[in-house]
Amino acid sequence: MSQAALQSALVRPGSLWSAVKVVERTGSTNADLAQSAREGIREGAVLVAESQFAGRGRLGRIWTAPPRSGLTFSVLLRPDVPLPKQGWLSLLFGLAAATAVRAETGVDVRLKWPNDLLVGERKLAGVLAERVDRAVVVGMGLNVTLRQEELPVERATSLLLSGSTTVDRGVLLLAVLRELEARYREWVAADGDVESCGLRTAYLAGSATVGQEVRVELPGERVLIGLATGIDRSGYLIVRSEGTDHLLSVGDVVHVRAPANP
């Protein structure tokens with residue numbers, strides 16, 4: 001990807017995006033931007049890696065892909081929003097990414113709470129948000145041109161395998177960042193109120209989790225099985241189990257699929 005072309009398209013007066021850097025190889029774009037955040041870099045920095053050898057997902061999982069086969073990047077945000085409302089930031093990022101990718105590719109991308117993008121029940125991308133002092137670094141790894149034999153896990157997919165109308169990573173990155181800027185500005189302007197800015201409604205409309213029977217693996221090796229009924233104003237997943245609503249801020253969600261008909 002061309003750093004100069006991305007800079008020209010994104011970094012301009014009034015834009016959220018303050019700098020775009022493309023590196024050939026790094027351990028983790030999130031870790032690199034986190035260090036830059038500690039050094040006081042401005043909001044809106046974007047770091048893109050053609051190859052990442054120590055990428056991380058939730059719960060310490062490793063995210064790997066062949067060089068230039070995916071879209072791997074992180075952004076640095078400094079939201080002027082009350083801290084209790086900032087739990088929505090990774091969901092906002094996921095919604096923006098799913099919306100942009102769907103529009104550019106024609107692929108029906110849906111959202112699995114809290115941070116995955118799905119095609120059907122196959123994982124297309126993952127989002128990871130990390131707090132660094134008063135800033136938040138949010139990163140995404142999106143499978144673009146991976147072939148079947150290159151997928152990191154059995155239940156993954158890529159845009160190429162999903163029949164995408166484009167696999168141009170530069171086009172996809174621009175679309176995601178522009179959608180992210182629009183959603184982020186609306187959310188900040190609403191002081192993090194996800195109802196008044198329409199964020200919660202939009203997220204629910206794109207959710208693949210709400211309305212599903214789910215199995216949630218919780219800290220302490222606990223498991224909760226029930227019906228995912230919604231997302232509350234704090235971004236928590238609401239799961240109804242044995243007549244009780246449980247609010248979950250963390251958890252590894254598995255969509256429970258009904259057995260196939262004989």
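It should be emphasised that the depicted structure is a prediction, and the values quoted were computed from it without experimental measurement.
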**Student:** Within the structure provided, determine whether Leu172 and Leu159 are in side-chain contact (heavy-atom separation under 4.5 Å).
**Tutor:** yes

**Student:** Taking atom CZ as the centre, does Arg42 end up with more than 12 heavy-atom neighbours from other residues, nucleotides or ligands that are less than 6.0 angstrom away?
**Tutor:** no

**Student:** Just verifying a value: how many Å separate Lys123 NZ and Leu117 CG, rounded to the nearest 0.5 Å?
**Tutor:** 9.5 Å

**Student:** Quick check on Arg240: does its CZ atom have over 12 non-hydrogen neighbours (other residues, nucleotides or ligands) under 6.0 Å away?
**Tutor:** no

**Student:** Would you find more than 12 non-hydrogen atoms of other residues, nucleotides or ligands less than 6.0 Å from Glu154 atom CD?
**Tutor:** no

**Student:** Indicate yes or no: at least one non-hydrogen side-chain atom of Thr72 is less than 4.5 angstrom from one of Val48.
**Tutor:** no

**Student:** So, the side chain of Ser74 versus the backbone of Leu33: is there a donor-acceptor pair under 3.5 Å, distance only?
**Tutor:** no

**Student:** Compare all side-chain heavy atoms of Leu237 with those of Ile231 and state whether any distance is below 4.5 angstrom.
**Tutor:** yes

**Student:** Can you tell if the side chain of Phe93 reaches within under 4.5 Å of the side chain of Arg183, non-hydrogen atoms only?
**Tutor:** no

**Student:** One pair to check against side-chain contact (heavy atoms from CB on, under 4.5 Å): Leu92 and Leu180. What are the steps and the verdict?
**Tutor:** CA-CA 8 Å; Leu92 183 157; Leu180 175 58; 3.5 Å; yes

**Student:** Of all heavy-atom pairs between Ala98 and Leu111, which one has the smallest distance, and what is that distance?
**Tutor:** CB-CD2, 4.0 Å

**Student:** Could you tell me the separation between the OG atom of Ser28 and the CD atom of Gln35, rounded to the nearest 0.5 Å?
**Tutor:** 12.0 Å

**Student:** Quick one: closest heavy-atom pair of Arg147 and Leu161, and the distance?
**Tutor:** C-CD1, 4.0 Å

**Student:** Ignoring hydrogens, what is the shortest heavy-atom contact between Val20 and Gln3? Give both atom names and the distance.
**Tutor:** O-CG, 3.4 Å

**Student:** Quickly, which of Leu71, Val107, Leu142 forms a side chain to side chain contact (heavy atoms under 4.5 Å, CB included) with Val101? Name it, please.
**Tutor:** Leu142

**Student:** Would you call Arg68 and Glu24 a salt bridge, taking side-chain N to carboxylate O under 4.0 Å as the test?
**Tutor:** yes

**Student:** So, for Leu218 and Gly251, which heavy atoms are closest and what is the spacing to 0.1 Å?
**Tutor:** CD2-CA, 4.3 Å

**Student:** Using the rule given for side chain to side chain donor-acceptor pair (under 3.5 Å), can you reason through Tyr184 versus Glu43, listing the C-alpha separation, both sets of side-chain angles and the distance that settles it, and then say yes or no?
**Tutor:** CA-CA 12 Å; Tyr184 179 74; Glu43 179 178 52; 2.5 Å; yes

**Student:** Might you work through the side chain to side chain donor-acceptor pair (under 3.5 Å) test for Ser90 and Asn115, ending with a clear yes or no?
**Tutor:** CA-CA 7 Å; Ser90 62; Asn115 70 338; over 6 Å; no

**Student:** Is the side chain of Asp133 donor-acceptor paired with the backbone N or O of Ala135 at a distance under 3.5 Å, no angle test?
**Tutor:** no

**Student:** Would you name the heavy atoms of Leu91 and Gly235 that are closest together and state the gap between them?
**Tutor:** CD2-O, 4.1 Å

**Student:** Can Thr209 and His255 be said to form a side chain to side chain donor-acceptor pair (under 3.5 Å), step by step?
**Tutor:** CA-CA 7 Å; Thr209 299; His255 293 168; 2.9 Å; yes

**Student:** Does any N or O in the side chain of Ser234 come within less than 3.5 Å of the main-chain N or O of Tyr236, such that one atom is a donor and the other an acceptor?
**Tutor:** no

**Student:** When you check the gap from the basic side-chain N to the acidic O, do Arg178 and Glu181 get nearer than 4.0 Å?
**Tutor:** no

**Student:** Below 4.0 angstrom, N of the basic side chain to O of the carboxylate: do Glu50 and Arg169 qualify?
**Tutor:** yes

**Student:** Sub-3.5 Å donor-acceptor pair from the side chain of Thr165 to the main-chain atoms of Thr105, do we have one?
**Tutor:** yes

**Student:** Are any side-chain N or O atoms of Ser207 and backbone N or O atoms of Val210, one a donor and one an acceptor, separated by less than 3.5 Å?
**Tutor:** yes

**Student:** Between the side chain of Ser158 and the main-chain N/O of Leu146, is any donor-acceptor distance below 3.5 Å?
**Tutor:** yes

**Student:** Check whether any side-chain heavy atom of Val194 lies under 4.5 Å from a side-chain heavy atom of Tyr203, and answer yes or no.
**Tutor:** no

**Student:** Any non-hydrogen side-chain atom of Val127 less than 4.5 Å from a side-chain atom of Asp116?
**Tutor:** no

**Student:** Might you confirm whether atom CD of Glu221 has over 12 heavy atoms from other residues, nucleotides or ligands at distances under 6.0 Å?
**Tutor:** no

**Student:** Got a salt bridge between Asp193 and Arg233, using NZ or NE/NH1/NH2 to carboxylate O under 4.0 Å?
**Tutor:** yes

**Student:** Test side-chain contact (heavy atoms from CB on, under 4.5 Å) on Asp245 and Val239 and set out the steps.
**Tutor:** CA-CA 6 Å; Asp245 285 342; Val239 177; over 6 Å; no

**Student:** Would Gln7 and Arg12 satisfy side-chain contact (heavy atoms from CB on, under 4.5 Å), going step by step from the backbone distance to the final call?
**Tutor:** CA-CA 8 Å; Gln7 279 266 138; Arg12 55 187 61 185; over 6 Å; no

**Student:** Following the transitive rule for hydrophobic clusters with a side-chain heavy-atom cut-off under 4.5 Å over Ile, Leu, Val, Met, Phe, Trp and Tyr, establish whether Val176 and Trp17 coincide in one cluster.
**Tutor:** yes

**Student:** Which value, rounded to the nearest 0.5 Å, describes the distance between Thr157 atom OG1 and Leu118 atom CG?
**Tutor:** 10.5 Å

**Student:** If you measure from CG on Leu47 to CG on Asn30, what distance do you get to the nearest 0.5 Å?
**Tutor:** 9.0 Å

**Student:** Go through the steps for Val138 and Leu128 under the test side-chain contact (heavy atoms from CB on, under 4.5 Å), then give the verdict.
**Tutor:** CA-CA 6 Å; Val138 193; Leu128 180 64; over 6 Å; no

**Student:** Count the heavy atoms belonging to other residues, nucleotides or ligands that lie under 6.0 Å from CD of Glu242, then report whether that count exceeds 12.
**Tutor:** no

**Student:** Do the non-hydrogen side-chain atoms of Val254 and Val214 ever get within less than 4.5 Å of each other?
**Tutor:** no

**Student:** Are any side-chain N or O atoms of Glu130 and backbone N or O atoms of Val136, one a donor and one an acceptor, separated by less than 3.5 Å?
**Tutor:** no

**Student:** What about Val75 and Val188, same hydrophobic cluster or not, with Ile/Leu/Val/Met/Phe/Trp/Tyr joined at side-chain heavy-atom distances under 4.5 Å?
**Tutor:** yes

**Student:** Is there a side-chain contact between Thr29 and Gln52, using heavy atoms and a 4.5 Å cut-off?
**Tutor:** yes

**Student:** Identify the two heavy atoms, one from Arg185 and one from Ser15, that lie closest to each other, and give their separation to 0.1 Å.
**Tutor:** NH2-C, 3.2 Å

**Student:** Can you measure from CH2 (Trp187) to NZ (Lys85) and round to the nearest 0.5 angstrom?
**Tutor:** 9.5 Å

**Student:** Rounded to the nearest 0.5 Å, what separation is found between the NE2 atom of His246 and the CG atom of Leu224?
**Tutor:** 5.0 Å

**Student:** Judged by atom type as modelled, is there a donor-acceptor pair below 3.5 Å linking the side chain of Ser69 to the main-chain atoms of Pro66?
**Tutor:** yes

